[in-house]
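Both backbone and side-chain heavy atoms feed into the values below; hydrogens, waters and symmetry mates do not. Computed from a predicted structure; not experimentally measured.
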Amino acid sequence: MPDKSSKIQDPGVGASYQHKTKRIINPDGSFNVKRVGTLNIINDAYHWLITIPWAPFIAVVTSVILATNFVYALVYLIIGVEHISGVQPSGYLMDDFISALFFSVQTFTTVGYGAMAPIGNLTSLIASLEAFNGLLLSAFSTGILYGRFSRPISKIKFSQTALLTPYKNTKYDSIQFRVVNKRANTLLNIRASVYLSINAKSQQPGEFRLKRDFYDLSLERSSIMFLPLTWTIVHIIDENSPLYGINLKELVDRQTEMLITLNGFDETFGQDTYTYFSYFASEFEENKKFIRNFTVDDNGDIILNVDDVHMTEDL
């Protein structure tokens with residue numbers, strides 16, 4: 001049997017509240033906290049650009065580069081496109097702006113000068129500033145891009161539900177959930193830590209005060225050496241468990257949440273990675289078991305279906 005589960009102090013998420021709260025950890029692994037008074041995007045641009053999703057990142061970088069070229073094109077237009085060799089004023093504002101924009105792009109990317117080149121000291125000065133600006137933005141974008149690729153992010157997939165189910169051939173129940181690595185890379189020395197957050201009982205029957213108690217749940221097995229397949233993490237609900245004698249309805253009423261931290265060594269990046277997840281009591285299911293999501297083919301190769309990590313069946 002695993003070591004006895006123990007009550008612990010607040011792990012850093014708060015223990016007392018005036019009103020009911022949502023879950024502590026969101027399904028995407030972020031904490032359910034809206035921060036006020038933190039550094040803004042300008043003061044913390046690097047961290048913001050490193051952590052935002054890819055689509056907004058590409059949109060931001062593209063927008064900054066386009067906006068910079070548009071601003072310089074307007075400057076060249078104000079100076080006069082006749083100060084750009086190879087460009088003749090057309091008499092139409094849009095045509096002249098497009099010519100200035102093409103000249104700006106060539107200057108910004110330092111691919112010119114060919115057919116178009118600056119004429120006069122003022123245009124040459126603006127072009128020099130833009131070329132320097134382009135080098136800085138290119139270097140900054142490259143650094144951010146490298147930072148995004150070099151930042152180790154684990155892709156651990158959790159089963160959609162945790163199971164309240166009998167533990168093997170014993171008299172005890174257990175709570176189980178399953179994880180799998182979505183990537184094909186190797187994770188080593190994976191360790192799981194599971195904590196229980198549950199509202200404390202009130203003096204009045206059937207009511208619970210808004211004070212959380214926290215427990216460090218003992219696990220049947222808290223670490224494994226490799227994670228090439230799936231790992232079913234099990235907490236046995238014996239007499240030492242804080243879940244002992246509590247039914248699912250009471251767990252839901254007491255806003256029970258199981259907080260999970262997984263950490264392991266990512267061989268690709270050569271660094272430790274961390275993953276956070278949680279199950280709310282409403283995501284617990286009773287009297288089911290996980291279906292094995294890997295098979296062996298005729299050649300003896302193991303075939304793992306990552307998407308079937310959620311699959312369960314009735315006992």
Side-chain angles (χ1 to χ4, degrees), residues 1-27 29-35 156 158-159 161-168 170-179 189-224 231-264 272 274-287:
M1 287 292 180
D3 296 334
K4 180 178 179 179
S5 298
S6 58
K7 188 174 182 179
I8 60 174
Q9 299 294 321
D10 171 20
V13 295
S16 298
Y17 294 88
Q18 295 179 338
H19 305 283
K20 283 189 176 182
T21 62
K22 298 179 180 178
R23 63 192 309 151
I24 297 173
I25 300 179
N26 296 314
S30 63
F31 285 89
N32 187 31
V33 177
K34 294 183 179 179
R35 302 173 68 91
I156 300 296
F158 289 77
S159 56
T161 58
L163 305 185
L164 282 168
T165 188
Y167 177 68
K168 297 181 178 178
T170 70
K171 65 178 182 178
Y172 299 111
D173 286 334
S174 66
I175 187 163
Q176 307 178 7
F177 60 93
R178 194 159 64 171
V179 298
N189 299 323
I190 305 95
R191 183 172 184 83
S193 298
V194 181
Y195 305 96
L196 187 75
S197 167
I198 185 170
N199 284 354
K201 284 189 174 182
S202 172
Q203 300 298 324
Q204 300 296 326
E207 296 182 3
F208 304 100
R209 55 193 173 98
L210 299 180
K211 180 181 182 303
R212 290 173 176 159
D213 288 331
F214 296 94
Y215 297 88
D216 183 359
L217 294 185
S218 60
L219 301 177
E220 176 196 40
R221 188 175 185 182
S222 61
S223 64
I224 55 175
W231 180 20
T232 301
I233 301 173
V234 180
H235 166 69
I236 303 170
I237 307 177
D238 57 12
E239 290 86 349
N240 297 320
S241 170
L243 296 172
Y244 187 75
I246 304 178
N247 58 36
L248 181 56
K249 182 181 182 305
E250 183 176 341
L251 291 176
V252 173
D253 291 340
R254 294 174 64 176
Q255 292 187 288
T256 304
E257 186 173 359
M258 193 164 59
L259 312 175
I260 303 154
T261 300
L262 286 182
N263 71 285
D272 287 335
Y274 293 84
T275 302
Y276 311 102
F277 198 77
S278 79
Y279 291 99
F280 221 45
S282 57
E283 297 168 327
F284 296 170
E285 289 188 342
E286 293 183 296
N287 298 319

Heavy-atom check, side chain of [X] versus side chain of [Y], under 4.5 Å:
{"X": "Leu243", "Y": "Leu196", "value": "yes"}
{"X": "Tyr215", "Y": "Tyr195", "value": "no"}
{"X": "Leu164", "Y": "Leu248", "value": "yes"}
{"X": "Thr275", "Y": "Thr261", "value": "no"}
{"X": "Leu262", "Y": "Ile233", "value": "yes"}
{"X": "Leu163", "Y": "Ile175", "value": "no"}
{"X": "Ile237", "Y": "Tyr172", "value": "no"}
{"X": "Ser193", "Y": "Asp216", "value": "no"}

Ring centres under 6.0 angstrom apart (Phe284, Tyr279): no
Derivation of the side chain to side chain contact (heavy atoms under 4.5 Å, CB included) call for Asp213 and Lys7: CA-CA 7 Å; Asp213 288 331; Lys7 188 174 182 179; 3.5 Å; yes
CA sep, side-chain torsions, deciding dist, call: Thr161, Phe177, side chain to side chain contact (heavy atoms under 4.5 Å, CB included): CA-CA 7 Å; Thr161 58; Phe177 60 93; over 6 Å; no
Heavy-atom donor-acceptor pair, Arg254 side chain to Asn199 backbone, under 3.5 Å: yes
Donor-acceptor pair, side chain of Glu250 and main chain of Asn247, under 3.5 angstrom: no
Test side chain to side chain contact (heavy atoms under 4.5 Å, CB included) applied to Asp173 and Thr165, step by step: CA-CA 5 Å; Asp173 286 334; Thr165 188; over 6 Å; no
Between the side chains of [X] and [Y], is a donor N or O closer than 3.5 angstrom to an acceptor N or O?
{"X": "Tyr167", "Y": "Glu220", "result": "yes"}
{"X": "Ser278", "Y": "Glu257", "result": "yes"}
{"X": "Ser241", "Y": "His235", "result": "yes"}

Pair Glu286-Lys249, salt bridge (charged side-chain N to carboxylate O under 4.0 Å, His left out): steps then yes or no: CA-CA 11 Å; Glu286 293 183 296; Lys249 182 181 182 305; over 6 Å; no
Closest heavy-atom pair and its distance - Ser159, Phe277: O-CE2, 4.5 Å
Heavy-atom pair of closest approach, residues Gln176 and Ser174: NE2-OG, 3.1 Å
Kindly compute the distance separating [atom1] ([X]) from [atom2] ([Y]), expressed to the nearest 0.5 Å.
{"X": "Trp231", "Y": "Ile156", "atom1": "CH2", "atom2": "CD1", "result": "10.0 Å"}
{"X": "Arg191", "Y": "Asp272", "atom1": "CZ", "atom2": "CG", "result": "12.5 Å"}
{"X": "Phe280", "Y": "Ser197", "atom1": "CZ", "atom2": "OG", "result": "8.0 Å"}
{"X": "Leu219", "Y": "Ile260", "atom1": "CG", "atom2": "CD1", "result": "9.5 Å"}
{"X": "Leu251", "Y": "Met258", "atom1": "CG", "atom2": "CE", "result": "10.5 Å"}

